Amino acid sequence: MEMTVQLTIDCSDPRRMVTFWTEALGYVPEPPPGEHATWRDYWQSIGVPEEELPPGAGDLPESIVDPTGRGPRVWFQHVPEPKTAKNRWHFDLKVGGGRDVPVEVRAERVRSKVARLVASGATILQIKDDPATGFYATALQDPEGNEFDVV
């Protein structure tokens with residue numbers, strides 16, 4: 001039996017999260033299946049009851065996909081409650097190139113990615129710079145407060 005993996009992230013504003021995480025991950029908004037103009041049109045065509053489709057649901061993409069087809073689909077599920085605690089998981093965006101790359105080059109790659117993400121709505125939590133071990137990373141929060149690292 002074939003299995004696919006989807007990462008579901010609870011959030012209050014799926015559209016904002018789609019915009020942010022397409023930039024962060026290099027993903028693209030997932031187009032609706034077939035000839036459907038929107039996901040809402042698709043869901044209605046397969047019989048999803050109207051009471052399960054709140055106003056605006058599916059009018060714009062609420063999921064993103066890896067354009068190369070390698071990474072998992074990410075769906076931003078609208079929920080009414082806000083985030084209240086630290087994540088039990090997080091993304092590591094590995095842009096530095098690994099330990100074989102000089103720390104100065106890795107740090108510049110991380111700083112460059114962080115600058116783009118801050119411009120897209122991220123907040124820096126901590127810069128992790130340990131010259132003794134050659135480690136350089138930045139801990140951030142996405143627009144809804146979910147923690148992630150750029151390494």
Side-chain angles (χ1 to χ4, degrees), residues 1-33 36 38-40 42-43 48 52-151:
M1 176 201 267
E2 182 179 326
M3 179 182 77
T4 60
V5 174
Q6 169 179 286
L7 174 61
T8 302
I9 299 174
D10 291 349
C11 63
S12 63
D13 188 348
R15 294 176 189 127
R16 183 174 185 200
M17 297 294 277
V18 163
T19 300
F20 178 80
W21 284 104
T22 54
E23 169 67 28
L25 298 175
Y27 274 38
V28 297
E30 183 178 28
H36 298 282
T38 66
W39 278 94
R40 183 180 204 86
Y42 169 71
W43 294 330
V48 174
E52 290 184 26
L53 298 173
D59 291 338
L60 296 172
E62 297 170 352
S63 56
I64 60 177
V65 292
D66 180 349
T68 69
R70 293 188 318 236
R73 175 184 196 256
V74 181
W75 175 41
F76 299 97
Q77 174 176 274
H78 180 264
V79 297
E81 68 276 358
K83 179 182 178 293
T84 59
K86 185 179 184 311
N87 298 5
R88 298 287 299 209
W89 62 269
H90 67 266
F91 283 110
D92 281 342
L93 307 183
K94 295 182 172 186
V95 300
R99 295 288 181 157
D100 293 339
V101 176
V103 68
E104 302 81 21
V105 174
R106 285 186 277 130
E108 180 51 38
R109 289 175 180 171
V110 168
R111 284 191 292 270
S112 177
K113 182 70 169 181
V114 166
R116 290 193 307 274
L117 295 175
V118 167
S120 293
T123 303
I124 295 173
L125 296 175
Q126 179 183 17
I127 296 173
K128 303 170 184 179
D129 184 4
D130 185 356
T133 63
F135 182 74
Y136 190 90
T138 302
L140 301 106
Q141 288 180 327
D142 73 11
E144 293 207 4
N146 300 299
E147 299 87 4
F148 67 100
D149 293 324
V150 178
V151 182

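Owing to the predicted nature of the structure, the values given are computational and were not obtained by experimental measurement.
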Heavy-atom closest contact ([X] atom, [Y] atom, distance):
{"X": "P14", "Y": "E62", "value": "CB-CG, 4.0 Å"}
{"X": "L140", "Y": "A122", "value": "CD2-CB, 3.9 Å"}
{"X": "L53", "Y": "R40", "value": "O-NH2, 3.1 Å"}
{"X": "P143", "Y": "M17", "value": "CD-SD, 4.5 Å"}
{"X": "R109", "Y": "V95", "value": "CD-O, 3.4 Å"}
{"X": "V150", "Y": "F148", "value": "CG2-CE1, 4.1 Å"}

Rounded at 0.5 Å granularity, tell me how far [atom1] in [X] sits from [atom2] in [Y].
{"X": "I9", "Y": "F91", "atom1": "CD1", "atom2": "CZ", "answer": "4.5 Å"}
{"X": "L7", "Y": "Q77", "atom1": "CG", "atom2": "CD", "answer": "11.5 Å"}
{"X": "W21", "Y": "I64", "atom1": "CH2", "atom2": "CD1", "answer": "8.0 Å"}
{"X": "H78", "Y": "C11", "atom1": "NE2", "atom2": "SG", "answer": "7.5 Å"}

Going by ring pair (Phe, Tyr, Trp, His ring centres under 6.0 Å), name the residues that satisfy it together with Y27, two or more places apart in sequence or in a different chain. none

Tell me, please, which residues at least two apart from H36 pass ring pair (Phe, Tyr, Trp, His ring centres under 6.0 Å). Y42

Side-chain touch V65/V28, heavy atoms, less than 4.5 angstrom: yes

Evaluate the side-chain proximity of E144 to K83: yes if any heavy-atom separation is below 4.5 Å, no if none is.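 Sidechains of E144 and K83: no contact.
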
With sequence neighbours left out, what residues match Q6 under side-chain contact (heavy atoms from CB on, under 4.5 Å)? T8, R73, W75

What side-chain donor-acceptor pairs closer than 3.5 Å can you find for residues 125-132, not counting sequence neighbours?
residue	atom	partner	partner atom	Å
D130	OD1	A132	N	3.2
D130	OD2	T133	OG1	3.2

Side chains of residues 112-119: which donor-acceptor partners sit under 3.5 Å, not counting sequence neighbours?
residue	atom	partner	partner atom	Å
S112	OG	R116	NH1	3.1
K113	NZ	E23	O	3.2
K113	NZ	A24	O	3.0

Contact list for residues 92-101, test side-chain hydrogen bond (donor to acceptor under 3.5 Å, both in side chains), sequence neighbours left out: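 Matches after skipping sequence neighbours: H90-D92.
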
Once you measure the plane-to-plane angle for W43 and W39, does it fall in the parallel (<30°), tilted (30-60°) or perpendicular (>60°) bin? tilted

Test side chain to side chain contact (heavy atoms under 4.5 Å, CB included) on V151 and V110; report intermediate values, then the result. CA-CA 6 Å; V151 182; V110 168; 5.5 Å; no

Does the cation-pi check pass for R16 over F76, that is, NZ or CZ under 6.0 Å from the six-membered ring centre and within 45° of its axis? no

Indicate yes or no for a side-chain donor-acceptor contact from E147 to the backbone of N87 under 3.5 Å, with no hydrogens or angles considered.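 The answer is yes, because a donor-acceptor pair under 3.5 Å joins these two groups.
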
